[in-house]
Novice: 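Here's a structure for you.
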Amino acid sequence: MIAAGNVAPQYNHETRKTMSNSLTLSAKEVDDKIAAGVPYVIRLMVPSGEEITFTDLIRGEVTVNSSLVDDKVLLKSDGMPTYHLAHIVDDVLMEITHAIRGEEWLPSAPAHILIYRFLGWESSMPQYAHLPLLLKPDGNGKLSKRDGDRLGFPVFPLDWQDPVTGEKSSGYRERGYYPEAFVNMLAFLGWNPGTEQELFTMEELIQHFSFEHVHKAGARFDPEKAKWFNEQYLRMQTPEALANRLRPVVKSKYNLGDDDIKISSDYLVKAVTLLKDRVQFESELIEKGSYLFQAPDVYDEQVLAKKWKPELAGFFNELIENLSSLAEFSSITIDTVIKGTAATSGIKPGEIMQLLRVFVSGQGAGVDLIGMLELFGKNEVVDRLNKALKKVN
RNA sequence: GGCCCGUUCGUCUAGGGGUCUAGGACAUCUCCCUUUCACGGAGGAAACACGGGUUCGAUUCCCGUACGGGCUACCA
């Protein structure tokens, strides 16, 4: 089993007879070489023409003829074991019951079975399960870390920098995926519960998982579905929890004081409630809802070009006045005032609703308008309206 | 190239001889809701790779072909 090996293509039961190794050299020659410090490796001597059968929990019985298995290196010339030897020793010492790994290990599994056998450890051999691989969303081949940054989704759980190449890869956590969503999404790539339930907690996953329901073919990764899982978990968060996590972000982004109303629980919870069902990530709360925390400086040009007419100034001034005189500033009273003012001015609500939204938020589309006005409160709304009117006139 | 594993809507998949007119989800399309955009609701389009068997009957079992994936390192 000892070979003075360099690069050796196809080192197996056939070719080893033609190589310089402990099988072809005399015992003395071998001893001399070792004594002389000639580097060597120790290989597994695979028998020829033997059927090796093992049970894979996912694929059932797999049979391979040993002649097809090559003489794997077990101990490298530096004395370190290869994975082939190491994982077996580890697993036996740790009393591992199930060896679950990717399908790329399937071809070397027969060699592993042989090692257990030769070591007399067959009775402590774990059960093997070879999981299907994750494939690229586009093109061919298995998913690799490069695909992630190329296509804009993470591949690793956490941000990671290759210590050798210095190459950086973004992680799920840093991209804002909930750990629960990540686990749930991953579990469904290749496995399914056999029911129509898709959202599983870790406890449910542990309870329901079974190898029989693992699909055999590789699964093409779908970034859209991954986002969908996160969206589902975001929906499950309470507005209070989201508000608490949003507070420091809003505070520092807009440089707010500790007692600023915009980071009060009341304001934040209402803002989050308005935003919650429109986003997939917590980071979008502030990206898509920035106008809830800061009055706009720019106003949607397209909407303005299409809807704004100088004649409307009178109406908006009147609206500001009517809103100002409101004793109770609630969605019901706000709604009534807007419709009422429009009616007395002979203006259809359709003409001014979107303008109102743009004046107050800068954007042509967004969260519920009336709810947003109520959230702002009377003074803020009046201020924003005056500011906007000054700008468009 | 050789060997191993696989193949149901665009994608993830259910289904394991008749109940399949093949189910769900993501994505997509239409409509409703909403004086916005989303969300939500309703509906639509969309698949058993192909060829041989076996069988009264194959998406389901067997074989072949095609295609896909993996392995083929003193890496895991």
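Note on naming: letters A, B, ... go to the chains in the order of the sequence lines (proteins, then strands), and numbering restarts at 1 for each one.
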Novice: Pick the closest RNA chain B nucleotide for A/G364 and for A/Y83 by heavy atoms, then say which residue is nearer the 5' end.
Specialist: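 The residue mapped nearer the 5' terminus is A/G364.
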
Novice: A/E374 side chain to A/I370 main-chain N or O, any donor-acceptor pair under 3.5 Å?
Specialist: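 Judged by distance alone, no pair lies under 3.5 Å.
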
Novice: When you measure from the side chain of A/T82, which nucleotide among B/A76, B/C4, B/A25 comes out closest?
Specialist: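 The closest nucleotide is B/A76.
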
Novice: Do the side-chain N or O atoms of A/H213 get closer than 4.0 angstrom to the phosphate oxygens (OP1, OP2) of B/U13?
Specialist: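 No, outside the criterion.
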
Novice: With both distances under 3.5 Å as the test, what is the Watson-Crick or G-U wobble partner of B/A27?
Specialist: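 Here B/A27 is not engaged in any pair, so there is no nucleotide opposite it.
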
Novice: Would you mind reading off the distance between A/Q354 atom CD and B/U34 atom P, rounded to a whole angstrom?
Specialist: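 Checked: the CD to P distance equals 17 Å.
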
Novice: For nucleotides B/C56 and B/A42, find the distance between their P atoms and express it as a whole number of Å.
Specialist: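 To the nearest whole Å, 45 Å.
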
Novice: Using purine N1 to pyrimidine N3 plus N6-O4 or O6-N4 for Watson-Crick, or N1-O2 and O6-N3 for G-U wobble, each under 3.5 Å, what pairs with B/U59?
Specialist: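 When the pairing criteria are applied, nothing turns out to pair with B/U59, so the answer is none.
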
Novice: For A/W191 and A/R59, take the nucleotide of RNA chain B holding the closest heavy atom to each; which residue's nucleotide lies nearer the 5' end?
Specialist: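 Here A/R59 is the residue nearer the 5' end.
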
Novice: Could you check whether A/K339 gets within reach of a base, just the sugar-phosphate, or nothing at all, counting any heavy atom under 4.0 Å?
Specialist: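 Here A/K339 touches the bases of the nucleic acid.
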
Novice: A/V250 and side-chain contact (heavy atoms from CB on, under 4.5 Å): which partner among A/L285, A/L256, A/L292?
Specialist: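 The passing option is A/L256.
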
Novice: Measure from CG on A/L143 to P on B/G70 and round the result to the nearest Å.
Specialist: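 In whole Å, B/G70 P lies 11 Å from A/L143 CG.
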
Novice: With a 4.0 Å cutoff (strictly under), does any side-chain N or O of A/N192 reach OP1 or OP2 of B/C12?
Specialist: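 So the side-chain polar atoms of A/N192 never come under 4.0 Å of the phosphate oxygens OP1 or OP2 of B/C12.
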
Novice: Just to confirm, is there a sub-4.0 Å distance from OP1 or OP2 of B/G68 to any side-chain nitrogen or oxygen of A/K216?
Specialist: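 A/K216 to B/G68 OP1/OP2: no side-chain N or O under 4.0 Å.
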
Novice: Need one value for A/K142: base, sugar-phosphate or nothing, where a base atom within 4.0 Å counts as base even if backbone is also close, heavy atoms only.
Specialist: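 It contacts sugar-phosphate atoms only.
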
Novice: With the side chain of A/E198 defined as its heavy atoms from C-beta on, choose the nearest nucleotide among B/C5, B/A76, B/A25.
Specialist: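 Of the options given, the side chain of A/E198 lies nearest B/A25.
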
Novice: From B/U13, B/C5, B/A76, pick the nucleotide closest to the side chain of A/A219?
Specialist: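 Comparing B/U13, B/C5, B/A76 against the side chain of A/A219, the answer is B/U13.
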
Novice: With both distances under 3.5 Å as the test, what is the Watson-Crick or G-U wobble partner of B/C50?
Specialist: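 Because both required distances fall under 3.5 Å, B/C50 counts as paired with B/G64.
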
Novice: Assign A/D368 to base, sugar-phosphate, or nothing according to its heavy-atom contacts below 4.0 angstrom with the strands shown.
Specialist: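 Base contact.
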
Novice: Out of B/G6, B/U72, B/C74, which has the shortest distance to the side chain of A/V41?
Specialist: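 From the listed options, B/C74 comes nearest.
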
Novice: Could you check which of B/G69, B/C74, B/A76 has an atom nearest any side-chain atom of A/V73?
Specialist: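 Nearest to the side chain of A/V73 among the choices is B/C74.
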
Novice: For A/F281 and A/K227, what are the C-alpha separation, side-chain angles and deciding distance, and is it a side chain to side chain contact (heavy atoms under 4.5 Å, CB included)?
Specialist: CA-CA 8 Å; A/F281 296 94; A/K227 289 183 200 162; 4.0 Å; yes

Novice: Decide yes or no for A/W121 and A/V89: does some side-chain heavy atom of the first lie under 4.5 Å from some side-chain heavy atom of the second?
Specialist: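 Yes, at least one pair of side-chain atoms sits under 4.5 Å.
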
Novice: Using a cut-off of less than 4.0 Å, is there contact between a side-chain N or O of A/K227 and OP1 or OP2 of B/A27?
Specialist: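 Result: no.
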
Novice: Less than 4.0 angstrom from a charged side-chain N to a carboxylate O is my criterion; do A/D297 and A/K387 meet it?
Specialist: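 Salt bridge present between A/D297 and A/K387.
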
Novice: Quick one: the side chain of A/S77 and the base of B/C74, do they pair up donor-acceptor inside 3.5 Å?
Specialist: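 Pair found.
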
Novice: Determine which nucleotide pairs with B/U19, using a 3.5 Å limit on both distances of a Watson-Crick or G-U wobble pair.
Specialist: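 Pairing partner: none.
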
Novice: B/G40, OP1 or OP2 - any side-chain N/O from A/R235 closer than 4.0 Å?
Specialist: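 Yes, A/R235 has a side-chain N/O under 4.0 Å of OP1/OP2 on B/G40.
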
Novice: Calculate the interatomic distance between A/M185 atom CE and B/U11 atom P; express it in whole Å.
Specialist: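 Taking atom P of B/U11 as the reference, CE of A/M185 is at 19 Å.
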
Novice: Between A/D138 and A/R220, is there a side-chain N and carboxylate O pair less than 4.0 Å apart?
Specialist: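 Result for this pair is no, no salt bridge flagged.
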
Novice: Hey, does the side chain of A/D71 reach the backbone of A/M45 with a donor-acceptor pair shorter than 3.5 angstrom?
Specialist: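 Absent.
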
Novice: Among B/G69, B/C4, B/C75, find the nucleotide with the atom closest to the side chain of A/K76.
Specialist: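 Closest nucleotide to the A/K76 side chain: B/C75.
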
Novice: Looking only at the side chain of A/H215 (C-beta and beyond, no hydrogens), which of the listed nucleotides B/C71, B/A14, B/C26 gets closest?
Specialist: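 Taking heavy atoms from C-beta onward, the closest nucleotide is B/A14.
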
Novice: What contact category does A/R357 fall into here, base, sugar-phosphate, or nothing, at under 4.0 angstrom with non-hydrogen atoms?
Specialist: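 If one applies the 4.0 Å heavy-atom cut-off, A/R357 turns out to touch a base.
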
Novice: Remember a base hit wins even if backbone is also touched, and classify A/G102 as base, sugar-phosphate or nothing at under 4.0 Å, heavy atoms.
Specialist: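 Nothing, no nucleic acid heavy atom in range.
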
Novice: From the list B/A76, B/G69, B/U7, which nucleotide is the closest neighbour of the side chain of A/A217?
Specialist: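 Within the option list, the nearest is B/U7.
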
Novice: Between atom CZ in A/F209 and atom P in B/U13, what is the gap in whole Å?
Specialist: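 A/F209 atom CZ is separated from B/U13 atom P by 13 Å.
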
